Amino acid sequence: MRSISLAEYRTLPSLDIEYLISRMLPKPGRVIITGPPKAGKSFLALQIALAVAQGQSHFLGRPIKKGKVLYLQFDTPDALWKERLDDLAVAGIDLTGDFHLIHPDDAMHRVDIREAETRRKIESLLLEVKPDLVVVDVLRKIHDAQENDSTEMKQVFDIINVMFAGYALLMLHHTPKLNPEFGRPRPSNALRGSSFIGGEVEAIWLLFNGLLTIESRIDEEFETRAVRDPRSGLWTFPEIEEMGDIPTELIKLCEEYPDRSHFQLSAIVKQRFGLSKSAYYRQMKSLKCRHFVDKGEASEVHVDKHSEALVQVD
């Protein structure tokens with residue numbers, strides 16, 4: 001084992017991370033969707049998987065990169081799962097795309113990734129499909145460890161981190177019983193079992209009481225209203241959808257207020273779109289508007305003409 005100085009560490013090549021959903025679903029990376037039983041977690045995961053497999057333009061207002069999906073469905077009986085897909089088709093949902101499932105004839109009756117045979121079967125699927133996104137529905141069904149025991153959950157995640165290295169991994173997980181009268185917990189506090197679980201992922205998405213709350217290490221935390229379509233069971237997010245195309249709207253805002261700096265506009269952006277100053281600057285980094293003139297510096301510092309101040313957008 002070697003040591004390295006801070007200066008040397010900074011010269012190392014950057015890790016190659018891409019996003020299947022911008023700043024939300026990293027590859028490689030691990031994300032958990034959690035919520036009480038029957039909260040609609042599987043429908044949200046299926047919705048995300050279809051968006052990636054079909055290369056849809058946006059999800060939750062964020063651009064999507066098309067990718068191959070492997071959905072490991074262990075929680076719902078095959079007959080009910082097929083019935084769910086039939087209902088979605090009748091509701092007019094497009095089920096095409098590079099989307100793969102375990103064949104019902106090859107269903108595993110006992111799944112515990114701590115056992116070599118389970119690992120062999122899942123690894124053979126990964127080699128066959130070569131997915132970009134793997135969905136595990138649900139986390140509890142791929143191991144027989146004690147969820148409240150941090151030592152046993154570390155064993156489980158040590159295996160997960162090796163087995164699914166290089167993929168975007170979306171795992172579904174339950175909460176304990178949540179009472180709306182006691183307020184809304186932070187997503188990391190809502191996970192059932194050991195707190196070790198939440199420490200092993202980049203983001204936790206909580207579906208609860210009509211809201212989707214995202215707690216993340218890779219972007220800002222945010223919360224938005226979540227409404228289920230009564231026909232398909234899939235989710236809509238009215239507040240996000242009402243924003244429209246955020247990059248286009250930000251450019252329009254610059255045209256609307258040509259005499260204000262981005263620093264001054266950030267307060268309006270926060271009110272209209274819920275973006276913080278740092279998130280706003282990140283968005284503007286990739287957009288061409290009347291305010292910024294790229295100086296071509298390696299640090300990607302731009303000059304805001306109206307404030308005559310340097311703005312660090314990284």
Side-chain angles (χ1 to χ4, degrees), residues 20 25 30-56 59 66-145 147 156 159-160 163-164 167-175 191-193 197 205 207 226 228-235:
L20 299 182
L25 188 56
R30 299 147 301 183
V31 172
I32 281 180
I33 295 177
T34 190
K38 310 298 182 185
K41 300 184 293 297
S42 292
F43 283 88
L44 179 58
L46 179 59
Q47 199 169 342
I48 292 168
L50 284 171
V52 171
Q54 294 168 357
Q56 296 176 18
F59 186 80
K66 186 177 182 180
K68 188 180 293 188
V69 174
L70 175 61
Y71 199 111
L72 300 177
Q73 200 295 112
F74 298 120
D75 195 43
T76 305
D78 288 326
L80 184 57
W81 178 251
K82 185 179 184 304
E83 183 180 316
R84 179 180 295 176
L85 295 178
D86 290 341
D87 290 343
L88 287 169
V90 170
I93 303 302
D94 182 3
L95 299 179
T96 61
D98 209 344
F99 193 116
H100 300 259
L101 298 161
I102 298 174
H103 194 289
D105 292 345
D106 297 332
M108 291 179 272
H109 301 292
R110 173 176 168 75
V111 183
D112 186 351
I113 60 172
R114 296 181 300 171
E115 297 180 355
E117 181 61 15
T118 295
R119 293 197 299 275
R120 185 191 65 78
K121 289 180 178 180
I122 293 177
E123 287 165 355
S124 68
L125 268 177
L126 294 171
L127 288 172
E128 175 192 336
V129 177
K130 296 181 174 60
D132 299 286
L133 170 62
V134 180
V135 181
V136 173
D137 186 0
V138 293
L139 175 60
R140 187 68 186 96
K141 290 296 183 74
I142 66 168
H143 68 85
D144 286 338
E147 283 187 325
V156 170
I159 295 169
I160 285 174
M163 182 180 295
F164 299 106
Y167 305 106
L169 179 62
L170 183 63
M171 298 175 284
L172 279 64
H173 187 52
H174 297 305
T175 65
L191 295 175
R192 190 177 70 187
I197 297 171
W205 301 25
L207 269 174
R228 289 190 77 177
D229 180 82
R231 290 188 64 216
S232 68
L234 300 183
W235 292 92

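None of these values were measured; they are calculated from a predicted model.
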With rounding to the nearest 0.5 Å, note down the distance linking [atom1] in [X] to [atom2] in [Y].
| X | Y | atom1 | atom2 | result |
| --- | --- | --- | --- | --- |
| L101 | L70 | CG | CG | 8.0 Å |
| I32 | T34 | CD1 | OG1 | 7.0 Å |
| L170 | I33 | CG | CD1 | 4.0 Å |
| R119 | I159 | CZ | CD1 | 5.0 Å |
| F59 | L50 | CZ | CG | 10.5 Å |
| M171 | L72 | CE | CG | 12.0 Å |

Nearest heavy-atom neighbours spanning [X] and [Y]:
| X | Y | answer |
| --- | --- | --- |
| L126 | M163 | CD1-O, 3.6 Å |
| V135 | A49 | CG2-CB, 4.3 Å |
| Y167 | P131 | CD2-O, 3.1 Å |
| L25 | V31 | CD1-CG2, 4.0 Å |
| I197 | R192 | CD1-O, 3.6 Å |

Would a 4.5 Å heavy-atom cut-off, applied to side chains only, mark [X] and [Y] as touching?
| X | Y | answer |
| --- | --- | --- |
| Q47 | L234 | yes |
| Q73 | I102 | no |
| T118 | I142 | no |
| L207 | F43 | no |
| R110 | D144 | yes |
| H174 | K41 | yes |
| I122 | F164 | yes |
| V136 | I160 | no |

Practice prompt. Could you check D106 against K121 for salt bridge (Lys or Arg N to Asp or Glu O under 4.0 Å), going step by step and ending with a plain yes or no?
Written response: CA-CA 10 Å; D106 297 332; K121 289 180 178 180; over 6 Å; no
Worksheet item: Hey, which of L139, L172, D137 is the one that makes side chain to side chain contact (heavy atoms under 4.5 Å, CB included) with D75?
Response: D137
Worksheet item: Taking W205 for the side chain and L44 for the main chain, is one N or O donor matched with an acceptor at less than 3.5 Å?
Response: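 Between the backbone of L44 and the side chain of W205 there is no qualifying donor-acceptor contact (under 3.5 Å).
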Worksheet item: Ignoring hydrogens and geometry, is there a side-chain-to-backbone donor-acceptor pair from K68 to V129 under 3.5 Å?
Response: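 Flag set: sc K68 to bb V129 pair under 3.5 Å.
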Worksheet entry | side chain to side chain contact (heavy atoms under 4.5 Å, CB included) between I48 and V69, worked out | CA-CA 10 Å; I48 292 168; V69 174; over 6 Å; no
Discussion item. Suppose we screen for side chain to side chain donor-acceptor pair (under 3.5 Å). Which residues come up paired with D86, at least two apart in sequence or across chains?
Written reply: K82
Discussion item. I'd like to know whether R120 forms a salt bridge (Lys or Arg N to Asp or Glu O under 4.0 Å) with E123, so could you lay out the CA-CA distance, the side-chain angles of the two residues, the decisive distance to 0.1 Å, and finally the verdict.
Written reply: CA-CA 5 Å; R120 185 191 65 78; E123 287 165 355; over 6 Å; no
Item to complete: For the pair D112 and R114, evaluate salt bridge (Lys or Arg N to Asp or Glu O under 4.0 Å) and give the outcome as yes or no after the intermediate values.
Response: CA-CA 5 Å; D112 186 351; R114 296 181 300 171; 3.4 Å; yes
Fill in: Check ion pair D98-K66 (N to O, under 4.0 angstrom)
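No.
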Discussion item. Can you tell me how the ring of Y71 sits relative to the ring of W81, calling it parallel under 30°, perpendicular over 60° and tilted otherwise?
Written reply: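 Because their plane-to-plane angle lies in the 30° to 60° range, the rings of Y71 and W81 count as tilted.
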